Visitor: 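I have a structure I would like to understand better, so I am pasting it below and will then ask my questions one at a time.
Here the structure is a predicted model, which is why all the values come from computation and not from measurement. Letters A, B, ... are given to chains in the order of the sequence lines, protein chains preceding strands, and every chain is numbered from 1.
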Amino acid sequence: MANVISLNFEQQKAVTADPGPVLVLAGPGSGKTRVLTQRFTHLITQGIRPNVILAVTFTNRASEEMRERIQSQVDSHIVIRNVGTFHALCARILRNESDSSVVGKDFVIFDSADQRLLIKQAMVDHNVDDARYKLHKIHSTISTAKNDLVNADNFSRDSYYHEIVGRIYERYQYLLHQNNALDFDDLLMNVVSLLQTNPVLSSKYQDIYQRILVDEFQDTNLAQYQLLRLLSGSNRDLFVVGDPDQSIYRWRGADYRNVERFRADYLDTVVIQLNKNYRSTQIILDAATAVISKNHVVNRVKLYSDFHEGEKIVLHEAYDEEDESHYIVKTISDYVANNQLDPGECAVMYRTNAQSRSIEEAFVRAGMPYRLLGATRFYARREIKDLLAYMRVIYNQYDNVSLGRIINVPARGIGSKTLNKLFEYSDTLDMHPVGVILELTEQGLESQHCNAIGQRGSRALISFGLLLRDWIALFEKGEVVSDILDSVVNDIDYENYIENNRNFGADQWENVEELKRVFVGFEDRDFGEILEGIALIADVDTLDNDVAGEGVPVLMTLHAAKGLEFPVVFLVGLNDGVLPHHRSFDEPEEMAEERRLFYVGLTRAKSKIHLSYSFRRWTSGFDSSSIASRFISDIPLDLLLSKSDYIDKSNVNISSKFNMRVKSNVYNDKVYQIELQFQSGQRVIHDHFGSGIVVESKLLGSDEMVIIAFDNFGIKRLVASKANLTLEDD
DNA sequence: AGGCGGAGTGTTTTT
DNA sequence: CACTCCGCCT
Ligand SMILES: Nc1ncnc2c1ncn2[C@@H]1O[C@H](COP(=O)(O)OP(=O)(O)OP(=O)(O)O)[C@@H](O)[C@H]1O
């Protein structure tokens, strides 16, 4: 054993509990994760083979971290493998059991963008009006159904809306099947039904995974819970840890009542509560407790800590987002300059990914390095998706979504006409389009396919087919996957395409290089595993070991922060409407979840917390609330270094500070100032929309954007120089 | 076929 | 603000 990890009495009790259902219920920082990893190593010292122990987490980052922690505590000849996310576990099972399952071994996993395209397609197929039925909503309705283990056949169509969604759901599943693809939720649902209906497999997996450990149990959804029940089966050896107050994935089907369900389903559950916090100062703990106590739950465990009071929580009101970001960066650099801490000890957390932008800009301006977790995902970038789509088509010729994406990238004369013809024609033959392309390529222009598709289109398709045929040959020959990617990139001259495409900037080719490196890094895995790994990881940071963020502040969403801890935490953008998010205003359950999110944020901190919000915030649309988050007022005043305290100390009062900022804005505007042609209140005439009244007119780049309420066409936004507006004379 | 730009719309959070 | 869609032009 490398290093001895200390445990308190209750923790020890959990770690050494007898086989059987164990539920560790405890608040933040009480050592749940530590207990879980210790349980894993404890089982090994008890002589249990590591391969029959399974540890499940929700995120790849959590998995990787836990795997490393366990690995570091066992003899190095033991390799810890079975630590992973629910989704990765299910993907593995489905690939192994492709004979018994409804999907083939070479299925691909569709990410959210692919899923959307397919649902959109399903809506078109059913003539569903996409203005009335929002894609986003339908997508989430279907996803929720899947997380509740409701398949398309059982989907209750008890309202008109559900009738429509039911049809789309059914069609969507059909299309997924046609693409030989699964979405994230299918991974879980399919394994559950596989194990439910196949007793042989069910007992096989009970033998494989005899001891099961689950982290963040409060965030399991029904599918995941059922999966755990099936996997543990008659072993009944489930060791789960969680904290209902940290449940933040309700919108994804998570149901913290699974904690109660667990106790009800396993009456002999050993329940262990941990109430000592090893992370935060007393002030932080008191503040967090005050905030969460407004959510009513039965017997919440009261946490205590041996730590001293610590520093008060600093609350800062900034003028606008830019000012707020500047404040954050300045505060960090001051700490560093005074040798109070290392930049790597700081974390900045926010509600939405979009908020990272202005913070990043502030870091860049200050010339300070930082690390961003998650956010605009590497794999969601256009150039990366393009290349992955090529790879997916090579691997899975049924992947029409990917085919449609890249068949004309770079442009090779296959437009929407030809594409539609190809797809429709393939349908009539009951073939997959790639099959048709390959046959056409073999047979040349005399092919019957050519008659159906036309000369011009066929020529273009053949030129594509020739490339595709060669790549597929490489794949079938067992060529190293990263070399296939290289061939693709070279054959389509993607570098040239990027250079000549003005929508692409300087970084894109670097991203391609990065993708190549990722593939090289996956060297020992087969094609399917690589694509699967990428689909499920979807976050380059986890792969990027060499930039291991030592010494650099980290930026992340509150969701991504769960399970982590930092000496100094900045919770930013705390405006009412951002946190709590305005979309949760009228759902008490969702509001409670927003509060938990804030609670999670507060409890990440070991010693210092900075809260900030801004007086002025113009997010898209209209919800620019300048009010501080309602949750802030739930923190007792004596724990806060309130904004007036703070500002008094720096000898600046609010209004003079704001005036400064306002002035500098005016100065900036002057540089670009051009004359506005229109003013609100003026009546104007437009060629097409007729007459209307100007609501607002403002600068848009070097042009003027006019918002007009037309008498007969409602409110429109027009660009003055293009819209050919004339003033109506009176 | 394909590129461009204007108009419209709205995505919180993640596997 | 940033994305997608549609129509117009080449
Ligand atoms: N018995 C102990 N003695 C000293 N430190 C401990 C002990 N138990 C846990 N810790 C430390 O407390 C901190 C929090 O532990 P851990 O992350 O396991 O808590 P957690 O309950 O999983 O927290 P959260 O729910 O907030 O994710 C860690 O830094 C851990 O090393």
Side-chain angles (χ1 to χ4, degrees), chain A residues 57-63 84-91 109-113 115-117 120 130-131 134-137 139-140 143 146-147 182-188 219 221 223-224 248-254 321 349-355 357-358 373-377 379-380 382 408-419 456-457 460 501-503 532 535-539 556-562 573 577-584 590 593-594 596-597 600 618-623 688-689 700-701 703 705 707 713-719 721-723:
Chain A
T57 64
F58 280 82
T59 66
N60 298 287
R61 197 173 300 118
S63 286
T85 64
F86 278 101
H87 290 88
L89 169 70
C90 290
I109 298 166
F110 272 6
D111 68 19
S112 349
Q115 293 166 32
R116 288 168 55 91
L117 282 173
K120 208 181 274 177
D130 64 351
K134 296 288 172 220
L135 175 59
H136 176 72
K137 197 167 168 222
H139 191 182
S140 75
S143 175
K146 289 184 175 185
N147 287 147
L182 297 178
D183 67 17
F184 295 124
D185 308 317
D186 286 336
L187 294 170
L188 303 172
D219 274 323
N221 60 36
Q224 289 159 334
I248 54 175
Y249 284 100
R250 194 185 105 92
W251 49 274
R252 209 172 78 176
E321 258 187 286
M349 302 172 191
Y350 35 81
R351 176 66 239 262
T352 68
N353 282 306
Q355 292 171 264
R357 254 184 89 115
S358 76
L373 291 193
T376 317
R377 309 225 186 99
Y379 294 103
R382 175 150 148 221
N408 205 30
V409 174
R412 45 173 82 88
I414 306 172
S416 56
K417 276 259 168 55
T418 307
L419 191 62
R456 189 180 157 144
N501 190 322
R502 79 202 86 224
N503 294 326
E532 174 184 308
L536 293 178
I537 283 173
D539 180 348
M556 71 193 99
T557 62
L558 285 161
H559 283 87
K562 192 166 72 154
V578 178
L579 181 73
H581 199 272
H582 70 273
R583 296 189 84 104
S584 53
E590 284 183 20
E593 178 148 312
E594 296 290 305
R596 292 194 289 269
L597 203 47
V600 166
W618 44 108
T619 29
S620 61
F622 300 79
D623 28 85
H688 180 66
F689 299 124
L700 179 77
D703 212 325
M705 145 101 74
I707 302 176
F713 289 86
I715 293 178
K716 303 279 173 200
R717 298 143 172 268
L718 305 170
V719 174
S721 65
K722 303 284 155 59

Visitor: Side chain of A:T557: nearest nucleotide among B:dT11, B:dT13, B:dT15?
Guide: B:dT13
Visitor: Would you call A:Y249 stacked on B:dT13, i.e. ring centres under 5.5 Å apart with the planes less than 30° off parallel?
Guide: no
Visitor: Contact class for A:L597 vs. all strands (heavy atom < 4.0 Å): base, sugar-phosphate, or nothing?
Guide: nothing
Visitor: Which part of the nucleic acid, if any, lies within contact of A:N408, taking any heavy atom under 4.0 Å across all strands shown: a base, the sugar-phosphate backbone alone, or nothing?
Guide: sugar-phosphate
Visitor: Please work out if A:K120 contacts a base, only the sugar-phosphate, or nothing of the nucleic acid, heavy-atom cut-off 4.0 Å.
Guide: sugar-phosphate
Visitor: For the residue pair A:F58 and A:R252, establish whether any side-chain heavy-atom pair is separated by less than 4.5 Å.
Guide: yes
Visitor: Any ion pair linking A:R250 and A:D219 (charged N to carboxylate O, less than 4.0 Å)?
Guide: no
Visitor: Rounded to the Å, how far apart are A:I248 CD1 and B:dT15 C1'?
Guide: 13 Å
Visitor: Mark yes or no for whether A:H559, through its side chain, and A:I248, through its backbone, hold a donor-acceptor pair below 3.5 Å.
Guide: yes
Visitor: Rounding to an integer number of Å, can you tell me how far A:R116 CZ sits from B:dG10 C1'?
Guide: 10 Å
Visitor: Would you say A:R412 reaches B:dG2's phosphate, i.e. side-chain N/O to OP1/OP2 under 4.0 Å?
Guide: no
Visitor: Looking across every strand, which nucleic acid part, if any, lies under 4.0 Å from A:R596 by heavy atom: base, sugar-phosphate, or nothing?
Guide: nothing
Visitor: Any side-chain N or O of A:N353 under 4.0 Å from OP1/OP2 of B:dT14?
Guide: yes
Visitor: For the backbone of A:F110 and the side chain of A:Q115, can you confirm whether one donor and one acceptor N or O come within less than 3.5 Å of each other?
Guide: yes
Visitor: Under 3.5 Å, is there any donor-acceptor pair linking the side chain of A:R351 to the base of B:dT13?
Guide: yes
Visitor: Write down the distance separating the C1' atoms in B:dT13 and C:dT4, rounded off to the nearest Å.
Guide: 22 Å
Visitor: Please name the residue in the list A:R583, A:R351, A:H581 that meets the side-chain hydrogen bond (donor to acceptor under 3.5 Å, both in side chains) test with A:E594.
Guide: A:R351
Visitor: So, OP1 or OP2 of B:dT14: does either fall under 4.0 Å of a side-chain N or O from A:S112?
Guide: no
Visitor: Using atom CZ of A:F58 as one end and atom P of B:dT14 as the other, report the distance to the nearest whole Å.
Guide: 15 Å
Visitor: Could you tell me the separation between the NZ atom of A:K562 and the C1' atom of B:dT13, rounded to a whole number of Å?
Guide: 11 Å
Visitor: Can you check the A:E321 CD to C:dC1 P distance for me, whole Å?
Guide: 11 Å
Visitor: How close or far is atom P of B:dT9 from atom NZ of A:K134, stated in whole angstroms?
Guide: 7 Å
Visitor: Under 4.0 Å between any heavy atoms, over every strand shown, what does A:F86 touch: base, sugar-phosphate, or nothing? Just pick one.
Guide: nothing
Visitor: Within the 3.5 Å criterion, strictly below it, is a donor on A:T57 or A:S63 matched to an acceptor on the partner's side chain?
Guide: yes
Visitor: Just call it for A:S584: base, sugar-phosphate, or nothing, with non-hydrogen atoms closer than 4.0 Å on any strand.
Guide: nothing
Visitor: Of all the choices, B:dA1, B:dT14, B:dT15, which nucleotide is nearest to the side chain of A:R456 once you look at every atom?
Guide: B:dA1
Visitor: Find the distance A:E594:CD to B:dT13:C1' and express it as a whole number of Å.
Guide: 8 Å
Visitor: What about A:H559: does its side chain form a donor-acceptor pair under 3.5 Å with the base of B:dT14?
Guide: no
Visitor: Measure from the side-chain heavy atoms of A:R357 and tell me the nearest of B:dT12, B:dT15, C:dA2.
Guide: C:dA2
Visitor: To the nearest angstrom, how far is A:H581 atom NE2 from B:dT14 atom P?
Guide: 12 Å
Visitor: Can you work out whether A:T352 or A:T59 has the more 5'-proximal nearest nucleotide on DNA chain B?
Guide: A:T352
Visitor: Using the C1' atom as the reference point in each nucleotide, state the distance between C:dC5 and B:dT12 in Å, no decimals.
Guide: 24 Å
